[in-house]
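Everything below concerns the one structure shown next.
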Protein chains: 6
Amino acid sequence: MEAPRFTQIATFMRTPLAQSLADVDIGLVGVPYDGALTNRPGARHGPREVRNHSSLMRKFNHVTRTNPYDLCRIADIGDVEFHQIFDIEGAHRDIENFYTLLAKAGVMPLSVGGDHSITLPIMRGITDEPLALIHVDAHTDTWDSFQGSKFHHGAPFLRAVEEKLIDPKKTIQIGIRGAQNTLESWSNSLEMGMRVVFIEEVFENGIGAIIDEARQLVGDTPVYLSFDIDALDPIYAPGTGTPEIAGMTTIQALSLIRGLRGLNYVGGDVVEVSPPFDLGGMTSMTAATVMYEILCNLSECVDSSKLA
Amino acid sequence: MEAPRFTQIATFMRTPLAQSLADVDIGLVGVPYDGALTNRPGARHGPREVRNHSSLMRKFNHVTRTNPYDLCRIADIGDVEFHQIFDIEGAHRDIENFYTLLAKAGVMPLSVGGDHSITLPIMRGITDEPLALIHVDAHTDTWDSFQGSKFHHGAPFLRAVEEKLIDPKKTIQIGIRGAQNTLESWSNSLEMGMRVVFIEEVFENGIGAIIDEARQLVGDTPVYLSFDIDALDPIYAPGTGTPEIAGMTTIQALSLIRGLRGLNYVGGDVVEVSPPFDLGGMTSMTAATVMYEILCNLSECVDSSKLA
Amino acid sequence: MEAPRFTQIATFMRTPLAQSLADVDIGLVGVPYDGALTNRPGARHGPREVRNHSSLMRKFNHVTRTNPYDLCRIADIGDVEFHQIFDIEGAHRDIENFYTLLAKAGVMPLSVGGDHSITLPIMRGITDEPLALIHVDAHTDTWDSFQGSKFHHGAPFLRAVEEKLIDPKKTIQIGIRGAQNTLESWSNSLEMGMRVVFIEEVFENGIGAIIDEARQLVGDTPVYLSFDIDALDPIYAPGTGTPEIAGMTTIQALSLIRGLRGLNYVGGDVVEVSPPFDLGGMTSMTAATVMYEILCNLSECVDSSKLA
Amino acid sequence: MEAPRFTQIATFMRTPLAQSLADVDIGLVGVPYDGALTNRPGARHGPREVRNHSSLMRKFNHVTRTNPYDLCRIADIGDVEFHQIFDIEGAHRDIENFYTLLAKAGVMPLSVGGDHSITLPIMRGITDEPLALIHVDAHTDTWDSFQGSKFHHGAPFLRAVEEKLIDPKKTIQIGIRGAQNTLESWSNSLEMGMRVVFIEEVFENGIGAIIDEARQLVGDTPVYLSFDIDALDPIYAPGTGTPEIAGMTTIQALSLIRGLRGLNYVGGDVVEVSPPFDLGGMTSMTAATVMYEILCNLSECVDSSKLA
Amino acid sequence: MEAPRFTQIATFMRTPLAQSLADVDIGLVGVPYDGALTNRPGARHGPREVRNHSSLMRKFNHVTRTNPYDLCRIADIGDVEFHQIFDIEGAHRDIENFYTLLAKAGVMPLSVGGDHSITLPIMRGITDEPLALIHVDAHTDTWDSFQGSKFHHGAPFLRAVEEKLIDPKKTIQIGIRGAQNTLESWSNSLEMGMRVVFIEEVFENGIGAIIDEARQLVGDTPVYLSFDIDALDPIYAPGTGTPEIAGMTTIQALSLIRGLRGLNYVGGDVVEVSPPFDLGGMTSMTAATVMYEILCNLSECVDSSKLA
Amino acid sequence: MEAPRFTQIATFMRTPLAQSLADVDIGLVGVPYDGALTNRPGARHGPREVRNHSSLMRKFNHVTRTNPYDLCRIADIGDVEFHQIFDIEGAHRDIENFYTLLAKAGVMPLSVGGDHSITLPIMRGITDEPLALIHVDAHTDTWDSFQGSKFHHGAPFLRAVEEKLIDPKKTIQIGIRGAQNTLESWSNSLEMGMRVVFIEEVFENGIGAIIDEARQLVGDTPVYLSFDIDALDPIYAPGTGTPEIAGMTTIQALSLIRGLRGLNYVGGDVVEVSPPFDLGGMTSMTAATVMYEILCNLSECVDSSKLA
């Protein structure tokens, strides 16, 4: 990482491309799939461009002074390979199979989407019991079917509860906003027992209060952190499929992630980065930085004895 | 509005194109005129692009739970037709004539400009007595003549007071900022008795205080809400003719509008959206959302008995 | 069409929105579907933006002096309504159903895609016997299955031959170029008997020779004209999913279409316009002009006695 | 001009800012006026951006080996000062007054617009008798009134004939194309006796034939060269108000200008550059190069004895 | 400055181009040098584009009501002339020589970069003893050598301390953030005794506290204000070489500068504006406004008796 | 290469990243250096973005039917590592050292710049005797010193002759154009005996004549092909440092390269791609295609017996 940042092949964070999963504690994965989108496309190009802009990232966190590269072995392990991109359920099987391999190899995944539907097969691959979920997003993604599919990008967390991949009582959704055509998505989340934090609450009560509540809700349960880039205000993330104005600031987002250090992480993702709608790489650079901050948190959960 | 949002003809908010004014309570109108601008042009393209991006809008307000489409009949009634675009006063007559027809048909207008000069002929068309005015803007728009015209886009509210279309004592101007070559515009507003809220006051005292003051100032007087998109920081609205940095946030703007529910609205507008200077449709999408929030407020003022 | 071109609702060519198919001879249709793409997405936004830029179009062709609006009744008939966008075959049924209705109503369709897979269900809807085909494109689109589907956007003309919707002996493919991973697509076309005109031949022999050959090939057979915007050099059409440099010029394309006047047209389309990859609306404006030129040709095939 | 080209104040061609007209043979002038446009605005920003990109220009023409700076004294003489920008006729008076001063001072003008309406008052300022005119454009600009004005940007050459500023028999219009709503503009030119060269003729007969004809037509008559940037294909000049696809190439345009050396020039202009619609400065850079080539031609008409 | 803002030559703030330093109190200078950058280039184009966008600036500060043009003689004095742009130390000599002349002429400089390395030779030119320094930036710029040079853009303030151009005890660095590969830059600043204000402290304690501390630290010592545009969040300043998300807002930046009125200023600069990475001129417009606010502060330090 | 093209790590042409030079016949190399530029920067980002867009490339050439991957082993061998980017001569040593290693390993290089100065140290690394040179460019790059350096990007071929790396009598420069401040660069080339083909000759005589002459000139001499992307018209390659309008078309460029098959190639490069000035990746995509065509030519020169 000492070379000028515009040089060499673009891997995530300028980490080495893994030759074998055996040498990897945290695997950085691309999931270039956007076939489950309902509005503006392009998230298939997300992993490529987040890799590109992640060259700006470095080692030591200026707030926590964490250096994840000191704590564990981190590598880019490439993209999920797809064989059925025209069929949501087929593509989801491709994803699940990939993450099942990671789980077997003991690699903790930090993924870049792709649309938000990918979180469902990722979870299928990495867990056998309900996870706690920290879900940062403008939308609850607990709608039911749309245009004939139960697995579109607005539905993963309704499905994840049904499939017992997450515990709705240990799920917190942060940053929710934007008018809707029905009350369905909000009421589904609330009725299942999820904690829904609308954006107004973020601005009124502050990030500190949300951190406290999330930590209490999650406790020691294995937890997954899913960050939809549209949680952020579109000024930070114009390159996304379903933007909603008046969202979270990056200062809030980074404070939130840093405030959630020390939980029992099993993985995380950053999704819905759509480069064709981006402006000057702003969204990809922001996603790369969010990814770095999540990486700091995940790295503290790896058994560091392996490093020696 | 249930169809994928990228489909079909772009009308405002995906409302039907009105076949007759008789079936409309609130008319969404485009006023594609920018002949009165003093700096960067392009607001003539505003209605077209706000329509385009307003397809992202939906029904239920996530804060107030208002659904304006339940409360009244809302339709896109097209653009003002122009016959004299090279002459400010002629173009203003075209506008006035159009709004006079709306007033006669009992249609409350929610308009998209166009430059800010259009608010003057809109008011001429819809009122016979001084209105209260909530004016959100970076500029007071109370300059006198420039380059030989009294009717340029920096002058409408000086003219509106002279023509007794607004009551300066019931006028509040919010978000004012930016260096000026003379003190004229600020002192004109103050001398006429308007309440001028500079942006620093917005950040120091908060939106709540401004809402309280505005509600008290306006009371039950019929009130018009004019929102110049340059009130917002240019990061939210780069596509405008006279940007001034360090402006209002969208969170503040939406809170302000929501806080002004229940007043006696007679109309509103969103002006100065200049697509040629926009970045990725950010300004148009923001303007569409501001328009939706104003629509929620206006819809609560319509005699809902008509719906039955 | 006399009003300033930046005003009013954006319909195709500023034609009226049809209230009933009974009053329409040529229907301008949007097909906002891009679920069958193999590379860069975004063609779902094509109809919206081609409508937007088609406001620049006017009536009299400066070369042929044709005015299509004098010859027949032309209207925007909206977009195909989709109910199964996540399933190629389902979406194709939605398209086929729509065009079946048009065929019954005697409306000749001129469509804007969408990805090139849409031409297959359009043809299913409008013909019972093999059509002649003039196919302008960088790719032959006669591949077989990819990623598990036979109906992706690179396969429609292989399928169309199998389904006897087109006669390969009366099919000419113009503008073909770009390296390929296998020889399959080129050899499929040639083996079925299609005439494949690579771009080098266009530049060496000139458009006149191709026009002559195409006219002879097609003769009086009912003919469909399918124009993939990537036939053009990417400098004219950067907004497309699979650009190939060194393509056709617009002068060549317009000359080609004008040279093919007087054939027995049953419909046409312009496809693969992807606005998220466009630059300043160049591709949409170009597509709108190509559409206008095709419209001129189609309009001369309508029974003008209806107009009286 | 030896300094790095990104340095110092942006004057036209990096020439000195004139302190006095007495020291200037050819004056480079900006005319930032676009109030007479009928479609997309922005040409008011043309002079600023053409100045900016003209820093790329240098001295020796690689074809003719002319160095205009060796032949005469060339300076940037600033922009026309406007006092009535909201009134076409008033703005035209501002322009005429400026050029009358130039004419008195013996300065030959090379101007950058601004919309095409400016050529009319420029001619009023610089000539008392009918000039020959070489007019390169996509449009004939010989329409009559529109939206109540006789002086909009589509009318200057009809007015110029009426005012005897140009001799229609010694006028050639090159590059004409694009559909029109009426046949008026083409027939007006032809009926007045102008030579109208449609773009197809340019491609079919070649630039050489046009050069020959233009030279013969113009002869020794004092001649003005007016270059509307939309004569060029929009790929070279996307930043313009009324683009028409399938236009002239830059190779053709430069050959044309070089082929017209040695005529009796009295001035020239480059108009309709609209930076808000430009892409990466392409239009401004192209306009600056066209301006340089015209400058080479004009410089050969100056009495070089003054230099000594 | 009364003319329409899109007209005339682009000088800084539309001030006159100085004919002689004798008539200037504050000189606005461009330093178009970016040869010392370690990441994304383009700051060489900064002065040109800040000049361009500074035409939007005007006279009276809406908060302080300062009009700098009433207080002293302000002029654009052009760019530093470079003769050795391929050699950092040579280029720095060109800069130093230029500022030495300014110092001799009694002209206070307000400069626009260029990369941050330029502040070192500017200081060499204007002071003989250690200055106090207010340094607003995302980075401390106190690294040591990189790629074989001690004078790259991340090192100027380590060098300035070594060369006794600044007093580290009277230096405050505000807005610092972003992960680093080593702890070097932060520890260098702290070990030399600089006050390092990380961005989190800005958000937690507020600008008022920082103003108080900076005023106390600086006291009456002659002080230089160096503003790296990357101190701001990339949403305000995407056009810069080393962006770091989650930065200062413009409201904070303007409040900070206004809060630092009345200090004993000897000069200031705005650096690291890289137009090739900018979006719609946002960064240049923001830089121009920051420059205006600094100008207000500097203007109050000039001996106004000269004006009479 | 069968996977969807938007997936996986971006290597040149989606070739494998070489683990050892021993397995490579043709090495695709990035040279991200732009420190020798005299005008607009950004070519340091060239290799990264050409890799990104080269994912669109495939195997079989549609004209020659060459499949380079059948003929030899081709791999991405990463970027030159730099240790002295602030010093042209130091950076050139870094480059030379890298290519010396390639030469020793018997790897033929196909490089992507970077500015054109890199061709000099590449040649130093790969040859001991004068090469023939096919040089496609808008500029002859045979200037002498500028701003104190002999090794800037406008000088490499004057130096290469001096250092006996190329034989000027076997050098052809194609596409030359653009005004210059002195006649130096043209006359230097001509005086050394190079064949200089100005762009007008390309358009007048056609590519075929140039191919014939170049083949004759080069004969069997080992030959290097250096392609400066600014040889192309800026419509194809806006992202470059010194654009000149009215350049070569891509059809011409591809024909030229294909016409030069079968020469005795020892390497090639594509230089001066500057992504910060690019529009929608057009330049990078074009450069990737030019690179592919050169690769086809080079692959035919490799001893294919190695493959077995």
Side-chain angles (χ1 to χ4, degrees), chain A residues 2-19 28-35 41-56 75-86 91 94-95 98 112-114 273-276 278-281 284, chain F residues 2-19 28-35 41-56 75-86 91 94-95 98 112-114 273-276 278-281 284:
Chain A
E2 317 295 310
R5 289 178 282 176
F6 45 82
T7 64
Q8 303 299 346
I9 311 294
T11 59
F12 283 125
M13 312 279 163
R14 302 200 280 164
T15 56
L17 252 183
Q19 303 299 320
L28 309 178
V29 192
V31 191
Y33 175 71
D34 67 5
R44 67 182 67 181
H45 298 284
R48 181 66 71 92
E49 286 307 317
V50 175
R51 275 191 180 93
N52 202 352
H53 286 84
S54 72
S55 292
L56 290 174
D76 189 320
I77 56 176
D79 282 358
V80 171
E81 284 176 32
F82 286 97
H83 306 95
Q84 311 171 67
I85 60 168
F86 299 118
D94 289 336
I95 298 170
F98 187 94
V112 174
V273 174
S274 175
D278 202 5
L279 293 170
S284 293
Chain F
E2 315 297 310
R5 288 178 282 176
F6 44 83
T7 64
Q8 301 300 346
I9 310 294
T11 59
F12 283 124
M13 311 278 163
R14 302 199 281 164
T15 56
L17 252 182
Q19 303 298 320
L28 309 178
V29 193
V31 191
Y33 175 72
D34 66 5
R44 68 182 68 181
H45 298 285
R48 180 68 70 92
E49 286 307 317
V50 175
R51 277 193 179 92
N52 202 354
H53 286 83
S54 73
S55 291
L56 290 174
D76 188 320
I77 57 176
D79 283 358
V80 171
E81 284 176 33
F82 286 97
H83 306 96
Q84 311 172 66
I85 59 169
F86 299 119
D94 289 335
I95 298 171
F98 187 94
V112 175
V273 174
S274 174
D278 201 5
L279 292 171
S284 293

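Values below: every heavy atom of this structure, side chains too, minus hydrogens, waters and symmetry copies. Numbered from 1 within each chain, the chains take letters A, B, ... in sequence-line order.
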Residues that A:Thr7 engages under side-chain contact (heavy atoms from CB on, under 4.5 Å), provided they are two or more places apart: A:Ala3, A:Pro4, F:Pro32, F:Asp79

For residues [X] and [Y], report the shortest heavy-atom separation together with the two atoms involved.
X	Y	result
A:Gln8	F:Glu81	NE2-CG, 3.8 Å
A:Arg5	F:Arg48	O-NH2, 3.5 Å
A:Ile9	F:Arg51	CD1-NE, 3.1 Å

Separation between CG of A:Asp34 and CZ of F:Phe6, rounded to the nearest 0.5 Å: 7.0 Å

Engaged part of A:Val31 at the chain F interface, taking heavy atoms whose separation is under 4.5 Å: neither

Which portion of A:Arg44 sits near chain F, non-hydrogen atoms under 4.5 angstrom: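 For A:Arg44, heavy atoms of backbone and side chain both lie under 4.5 Å from chain F.
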
Contact origin within F:Asn52 toward chain A - heavy atom pairs under 4.5 Å: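 Both backbone and side chain.
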
